Amino acid sequence: HITRGGAMKIQRNTKYGCRVWHSRSQIAERIGRSRQTIWRWQRDGLLPQPDGTDPFGNPMWLAATIDTFFADIRRDA
């Protein structure tokens with residue numbers, strides 16, 4: 001489950017309504033970058049803030065957040 005704001009819990013990387021959640025590894029796969037690049041982007045503050053966390057405290061992002069972020073990167077390139 002993923003917790004957002006301490007209240008909403010959903011399955012990891014599954015649809016809940018229209019929401020799909022992604023880990024850093026899944027983001028890397030989704031946008032065709034290495035996992036190390038995603039870690040570096042997060043460390044350097046380039047990746048958007050996570051939309052929630054999984055039960056282990058790992059950051060998770062909504063697919064829409066990642067799609068918007070990557071569209072901005074492609075537009076700026």
Side-chain angles (χ1 to χ4, degrees):
H1 291 96
I2 297 173
T3 303
R4 181 178 182 181
M8 180 172 56
K9 294 184 179 182
I10 63 174
Q11 291 288 321
R12 181 180 216 181
N13 195 30
T14 59
K15 292 185 178 182
Y16 182 78
C18 61
R19 295 176 181 219
V20 177
W21 295 80
H22 293 288
S23 66
R24 284 182 291 246
S25 295
Q26 292 163 327
I27 292 169
E29 184 177 321
R30 183 178 182 96
I31 66 174
R33 306 290 178 148
S34 70
R35 288 182 298 162
Q36 292 82 4
T37 296
I38 303 306
W39 278 86
R40 187 176 64 248
W41 285 355
Q42 186 180 16
R43 180 196 66 204
D44 295 344
L46 301 173
L47 202 61
Q49 289 295 313
D51 295 302
T53 59
D54 68 10
F56 305 102
N58 298 310
M60 300 293 286
W61 290 263
L62 289 168
T65 301
I66 298 308
D67 290 344
T68 301
F69 167 71
F70 193 57
D72 291 343
I73 288 176
R74 290 174 43 190
R75 186 175 44 247
D76 292 341

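Quick caveat, the model's predicted, so the values are computed rather than measured.
- Going from atom CH2 of Trp39 over to atom CD1 of Ile27 covers 11.0 Å, rounded to the nearest 0.5 Å.
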**OP:** Give the intermediate values and the outcome of side chain to side chain contact (heavy atoms under 4.5 Å, CB included) for residues Ile66 and Arg30.
**Re:** CA-CA 9 Å; Ile66 298 308; Arg30 183 178 182 96; 4.1 Å; yes
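- Of the inter-residue distances, the one linking Glu29 atom CD with Arg24 atom CZ reads 15.5 Å to the nearest 0.5 angstrom.
- Pairing each heavy atom of Thr37 with each of Ser34, the nearest pair is OG1-OG, 2.9 Å.
- Taking 4.5 Å as the limit, every side-chain heavy atom of Pro50 sits out of range of all side-chain heavy atoms of Met60.
- Between Gln36 and Trp41, the closest side-chain pair of non-hydrogen atoms is not below 4.5 Å.
- With rounding to the nearest 0.5 angstrom, the CG atom of Asp72 is 12.5 Å from the CG atom of Leu46.
- Taking CG of Asp51 as the start and CH2 of Trp61 as the end, the distance is 9.0 Å to the nearest 0.5 Å.
- Using a 4.5 Å heavy-atom cutoff, the side chains of Ile38 and Leu47 are in contact.
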